[in-house]
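Remarks on the structure that follows.
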Protein chains: 2
Amino acid sequence: MTTQTGNDGRGGREDRAVRRSDGTRAAILAAARYRFAEHGYERTTIRAVAADAGIDPAMVMRYYGSKDRLFDAALAIDLRLPDLRDVPRADIPGRLVRHFLARWEGEPTDDALLLLLRCAVTNERAAERVRGLLTEQVAPALGAFADERRIGLLCSQLLGLALTRYLLRVPAVADLTADEVADLYTPAVSGLFGRDGG
Amino acid sequence: MTTQTGNDGRGGREDRAVRRSDGTRAAILAAARYRFAEHGYERTTIRAVAADAGIDPAMVMRYYGSKDRLFDAALAIDLRLPDLRDVPRADIPGRLVRHFLARWEGEPTDDALLLLLRCAVTNERAAERVRGLLTEQVAPALGAFADERRIGLLCSQLLGLALTRYLLRVPAVADLTADEVADLYTPAVSGLFGRDGG
DNA sequence: GTCTATAATTCGATAGAC
DNA sequence: GTCTATCGAATTATAGAC
C-alpha cells in the first residue's frame, strides 16, 4: 500500500508492506546502474533494464516515471572519501591514489564511479553531478590540504587514470597491477602539490 | 584525386569533374566532425549532419554509405606531435603540456581530439582508435624519452586534463588560463618521470 | 547529382485488463 | 502490483523520380 507512485514511502505503520515494492525497486536501480555504467546513457534502454531486473518494462515506468528520473536515482552517489585530517601532508597523494584504485577495483558490484564517468561525457545532467561531487565532497575533504585549482587538477589526474585504465582500456595502463599504478602515479600527484606534498 | 562513390579514387583523367563532389564531401565530413565532437556518437544523426552541411540527408548516405563509415572517416586523425629529439629531457614535460593546450585551444575549428575523447567513452570503435594513436603516434614520439608504462600514464594525465577542462567543464579547471594550467600541471607531469625529468 | 517518399526498426511512454 | 497492447516519435537506410 504505502509507497504509491507519487508517494514518498513514509507510510507510518505499514512497515512490511513497503518491503515488497522496495525489493523490485532496488532491483531496477541496480540493473539501471549496471546498464548506465556499461553502455552509457543513450544506449541504455528501459527494456534492457527491465530484462536485467527480471520484470516487465512497464514496471520501470511505474516505479521511476521516466528514463530521466531513473537516471537521476542512479546518479545518487557517495564517494566515501577517507578522512585525511590526521594524515601527514606528504602522505596524502599516495593515500588518495590508493583509495581511488581500491574504490574502482575492490568493489566490482559498485558501478557508481564508472557510471558517472561514462555518462558525464555525453550527458549534461551527469556532468553537472560530477561538478557537484567535486564541490560537495572532494573540495571539503581536501580544502585544508590544497587550493581549489590544485584540487581541480588532482581530479583531472584521477579521472584521467580511470578513463585510460577502465573505460578506454589502454593496455599500457590497464595491464599494470594496482601496486604498479600506485607507485608510478603517486609521484605525479605529489608533483602537483610541490616536492614536499603541499 | 577523382574519388567517386564506390570507386577507389584512381579515375585517371577527370580532374575537374570531381572537385564539385569533393566540396560537398568535405562539407559533410566537417559537419560530421563537429557533431560527433559536440554531441557524441549516439546523439549525432545523419539528418543533423546534413542540415549543418546544407544538403539533403540522402547525400550523406550517397557519399559515405552509412553512419558507421562516416564515423570511420571522421576518426582519421593526426595528432601532429612536435619533434622532441633535440629537446632537453627536463623540458619535455612542459613542452608536451603546452603543445596539447595549444592543440586544444588554438584551433577552434579542429574538433579532432574533442571528437575522439567524447566518442571513445561510449563507442568501442573510437576507443580502438585512441589505443591505436597511442601506439602509432605517441609511443614512437616518446619512446626514447620514457618506458611504455609512463607513456601510458602520461596520456592518462593529458586526457584527464582535457576531460575536466573541455568536456566536463569543471570550473576549477576550465576557468584557469592556459598559462596557469601549464604552470601548475607541468610539475605533475614531471613527477611521473622523476625529478630530473627522465 | 539532388531530392521525395517510404520501408523497417527501435524506443519512450500511455492506457487499461486482470 | 503486474503484464499486454499499442501509440507516437525518431532514426537509419533504401528505392526511385527528376
Side-chain angles (χ1 to χ4, degrees), chain A residues 1-9 11 14-29 31-32 35-36 38-74 119 122-123 125, chain B residues 2-7 9 11 14-29 31-32 35-36 38-74 119 122-123 125:
Chain A
M1 280 284 293
T2 60
T3 310
Q4 288 179 348
T5 307
N7 198 342
D8 262 344
E14 300 106 341
D15 301 54
R16 288 175 300 273
V18 247
R19 295 237 177 93
R20 306 172 202 150
S21 57
D22 278 359
T24 60
R25 199 181 174 83
I28 292 171
L29 187 57
R35 283 277 166 180
F36 283 133
E38 208 69 18
H39 302 105
Y41 177 84
E42 291 83 4
R43 304 181 91 103
T44 293
T45 65
I46 302 277
R47 286 167 162 84
V49 169
D52 287 355
I55 50 127
D56 191 273
M59 298 303 298
V60 179
M61 301 301 297
R62 179 171 183 87
Y63 279 101
Y64 288 94
S66 72
K67 181 178 177 179
D68 273 334
R69 282 206 289 274
L70 174 62
F71 190 55
D72 281 341
C119 295
T122 52
N123 185 285
R125 195 182 295 245
Chain B
T2 56
T3 308
Q4 288 181 351
T5 306
N7 198 342
E14 301 107 341
D15 300 55
R16 285 176 301 273
V18 256
R19 294 239 177 94
R20 304 171 203 152
S21 57
D22 276 1
T24 61
R25 199 181 174 84
I28 293 170
L29 187 58
R35 283 277 166 180
F36 284 132
E38 207 69 18
H39 303 104
Y41 178 84
E42 291 83 5
R43 303 182 91 102
T44 293
T45 65
I46 302 278
R47 285 168 162 80
V49 169
D52 287 354
I55 51 128
D56 191 274
M59 296 304 297
V60 179
M61 301 301 297
R62 181 174 180 86
Y63 279 101
Y64 287 94
S66 74
K67 180 178 176 178
D68 273 333
R69 281 207 289 275
L70 175 61
F71 190 55
D72 280 341
C119 296
T122 52
N123 185 287
R125 196 182 295 244

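Residue numbering restarts at 1 for every chain, and letters A, B, ... go by the order of the sequence lines.
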Per B:Thr45 side chain, nearest of listed nucleotides D:dT11, D:dC3, C:dC11: D:dT11
Rounded distance in Å - CG (A:Leu70) to C1' (C:dA13): 14 Å
Residue B:Thr24, side-chain atoms from C-beta onward, closest of D:dT14, C:dA13, C:dT2: C:dT2
Under 4.0 angstrom between B:Tyr63 side-chain N/O and C:dT2 OP1 or OP2: yes
Distance in angstrom units between B:Asp56 CG and D:dA13 P, rounded: 15 Å
Validation row: B:Ile55, B:Val60 side chains within 4.5 angstrom (heavy atoms): yes
Nearest listed nucleotide, side chain of A:Lys67, among C:dT2, C:dG12, D:dC3: C:dG12
Six-ring centre of A:Tyr41, B:Arg43 cation under 6.0 angstrom, axis tolerance 45°: no
Given C:dC11, C:dT2, C:dT14, the nucleotide with the shortest approach to the side chain of B:Arg62: C:dT2
Spacing of A:Ile28 atom CD1 relative to D:dT2 atom C1', expressed in whole Å: 11 Å
Beyond-backbone contact of A:Arg125 with A:Asp72, side-chain heavy atoms, under 4.5 angstrom: yes
Side-chain heavy-atom pair A:Met61, A:Ile46 within 4.5 angstrom cut-off: yes
Separation of C:dT14 C1' from A:Arg69 CZ (nearest whole Å): 14 Å
d(CE, B:Met61; C1', D:dT11) in whole Å: 11 Å
Residue mapping more 5' on DNA chain D - nearest nucleotide basis, A:Ile55 or A:Arg47: A:Ile55
Out of D:dC3, D:dT6, C:dT4, whichever nucleotide has its closest atom nearest the side chain of A:Ala58: D:dC3
Check: B:Phe71 and B:Asn123 side chains under 4.5 Å, non-hydrogen atoms: yes
Between P of C:dG12 and CZ of A:Arg43, the distance in whole Å: 13 Å
Closest to the A:Met59 side chain, choosing from C:dC3, C:dA13, D:dC3: D:dC3
Between C1' of D:dA13 and OH of B:Tyr64, the distance in whole Å: 18 Å
